[in-house]
Amino acid sequence: MSANAGGTGEKLLGWYDRHARELPWRVSPSDRARGIAPDPYRVWLSEIMLQQTTVAAVRAYFEKFTSIWPTVHDLAAANEDDLLKAWAGLGYYSRARNLKKCADAIVAEHGGVFPADLEALRALPGIGDYTSAAIASIAFDIPAPVVDGNVERVFSRLHAVEVPLPAAKAIIKSHVSDVLPHSRPGDFAQACMDLGATLCTPKRPSCLHCPVRDDCRALATADPETFPRKAPKKQKPHRRGAAYIIQRNDGSILLEKRSASGLLANMTQVPTTAWNSRTDGETGTNTSPLPGATWTDCGNIQHVFTHFSLTLTVWKLDDAPSALEIGAHQWWSTTDEIGGEALPTVMKKVIACGLPGRDSRGQS
């Protein structure tokens with residue numbers, strides 16, 4: 001590590017000691033200095049939740065999860081359906097399923113103790129290069145470069161990296177490695193994340209208050225807001241389909257469990273047509289559970305997934321026949337029960353559209 005690189009690292013650590021964010025999964029710099037070590041379970045859980053999700057959105061979910069399942073042993077013993085219900089609304093549901101698989105593996109293969117080894121962490125379900133580096137660095141102070149979106153922004157600006165993302169990832173990781181202090185790698189990783197989240201923001205960065213502004217090539221020679229450079233985005237395909245709200249006289253709604261594989265696997269939904277990221281589904285009522293019934297057109301809802309956008313036409317049927325036959329994967333959810341169902345956000349939108357007087361928590 002060069003003298004200049006060391007100076008940059010020291011500046012970031014000094015700034016972090018004064019301005020570290022207080023987060024429910026984090027041990028503060030002062031507590032770490034007193035020998036209080038981070039809990040690998042809480043570090044792992046927070047990192048999985050934070051993938052493509054904001055800190056503001058994650059806080060409440062993290063606190064709920066750790067109150068229900070305070071240890072990895074508790075999470076391994078959990079029922080996956082209960083876990084998916086607790087995760088509902090956070091999105092990217094494969095993360096929740098991988099949480100369960102990873103917890104099972106840690107208990108079965110590592111005696112319930114997270115391995116303090118980068119390769120062993122990377123071998124666990126749902127843990128890739130970034131997450132293994134984050135756990136190793138933050139929980140065990142292993143000097144591994146941790147590069148998330150915030151860190152990419154900070155270091156692409158520090159070095160005015162002209163190569164656009166994602167091709168620039170290896171270059172940026174190399175720059176992070178060059179300044180990575182071996183004495184406090186976990187605090188350094190969190191310092192870089194905090195700097196990107198609070199000062200080196202995508203728009204209107206607070207360069208005047210930045211602890212490494214004197215080292216920033218983008219600030220000296222260009223407009224920091226133009227970094228990181230990004231390749232043009234591909235147009236997302238748009239899909240259409242229909243969703244059917246079937247309600248009994250007592251207010252119960254017919255729900256069903258999605259397939260165990262693919263998009264929103266094992267999550268809960270109202271019946272829908274067969275839309276997916278590649279094909280449209282029927283938008284009318286010809287393929288509804290009761291094609292001959294009198295359906296009410298409640299309008300459309302819009303939802304954006306990672307790889308495509310979706311428009312669903314919402315149809316509602318009131319006073320469903322009491323003799324209506326339902327499948328083994330279907331059930332009636334009462335007003336009191338629906339708030340605890342594993343409904344993804346797209347289905348919450350459907351219910352809000354079809355039943356505007358009642359939200360997905362079952363409240364009127």
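In this text, all values refer to a predicted model and were calculated from it rather than measured experimentally.
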Practice problem: Return the minimal non-hydrogen interatomic distance between Glu47 and Ile138, and the atom names on each side. | Solution: OE2-CD1, 3.8 Å
Self-check item: Ring geometry between Trp15 and His19 (parallel below 30°, tilted from 30 to 60°, perpendicular above 60°)
Solution: tilted
Quiz prompt | Listed partners of Thr201 passing side chain to side chain contact (heavy atoms under 4.5 Å, CB included), at least two apart | solution = Pro205
Quiz item: Hey, is Asp215 close enough to Lys11 for a salt bridge, meaning N to O under 4.0 Å?
Solution: yes
Practice problem: Check the side chains of His238 and Ser309 for a donor-acceptor pair under 3.5 angstrom, ignoring hydrogens and angles. | Solution: yes
Quiz prompt | Lys/Arg-Asp/Glu bridge criterion (N-O < 4.0 Å) met for Lys100, Asp104 | solution = yes
Quiz item: Taking the six-membered ring for Trp, is the centroid-to-centroid distance between Phe114 and Trp44 below 6.0 Å?
Solution: yes
Quiz item: With the threshold set at 4.0 Å, does a side-chain nitrogen-carboxylate oxygen contact exist between Asp17 and Arg32?
Solution: no
Quiz item: When you check the gap from the basic side-chain N to the acidic O, do Lys257 and Asp81 get nearer than 4.0 Å?
Solution: yes
Quiz item: Sub-3.5 Å donor-acceptor pair from the side chain of Asn300 to the main-chain atoms of Thr311, do we have one?
Solution: no
Practice problem: Answer yes when Asp223 and Arg157 have at least one side-chain N-carboxylate O distance shorter than 4.0 Å, and no when they do not. | Solution: no
Quiz item: Can you list every side chain to side chain donor-acceptor pair (under 3.5 Å) pair that touches residues 203-212, not counting sequence neighbours?
Solution: none
Quiz item: Salt bridge or not for Lys173 and Asp178, using N-O below 4.0 Å?
Solution: no
Quiz item: Do any N or O atoms from the side chain of Asp280 and from the backbone of Arg240 form a donor-acceptor pair under 3.5 angstrom?
Solution: yes
Self-check item: Arg26 side-chain N/O to Leu23 backbone N/O, donor-acceptor pair under 3.5 Å
Solution: no
Practice problem: Check the side chains of Ser252 and Glu337 for a donor-acceptor pair under 3.5 angstrom, ignoring hydrogens and angles. | Solution: no
Self-check item: Lys/Arg N to Asp/Glu carboxylate O, Glu162 vs Arg229, below 4.0 Å
Solution: yes
Quiz item: Phe62 versus Arg42: any side-chain heavy-atom pair under 4.5 Å?
Solution: yes
Quiz prompt | Partner set under salt bridge (charged side-chain N to carboxylate O under 4.0 Å, His left out) for Arg122, not counting sequence neighbours | solution = Glu119, Asp129
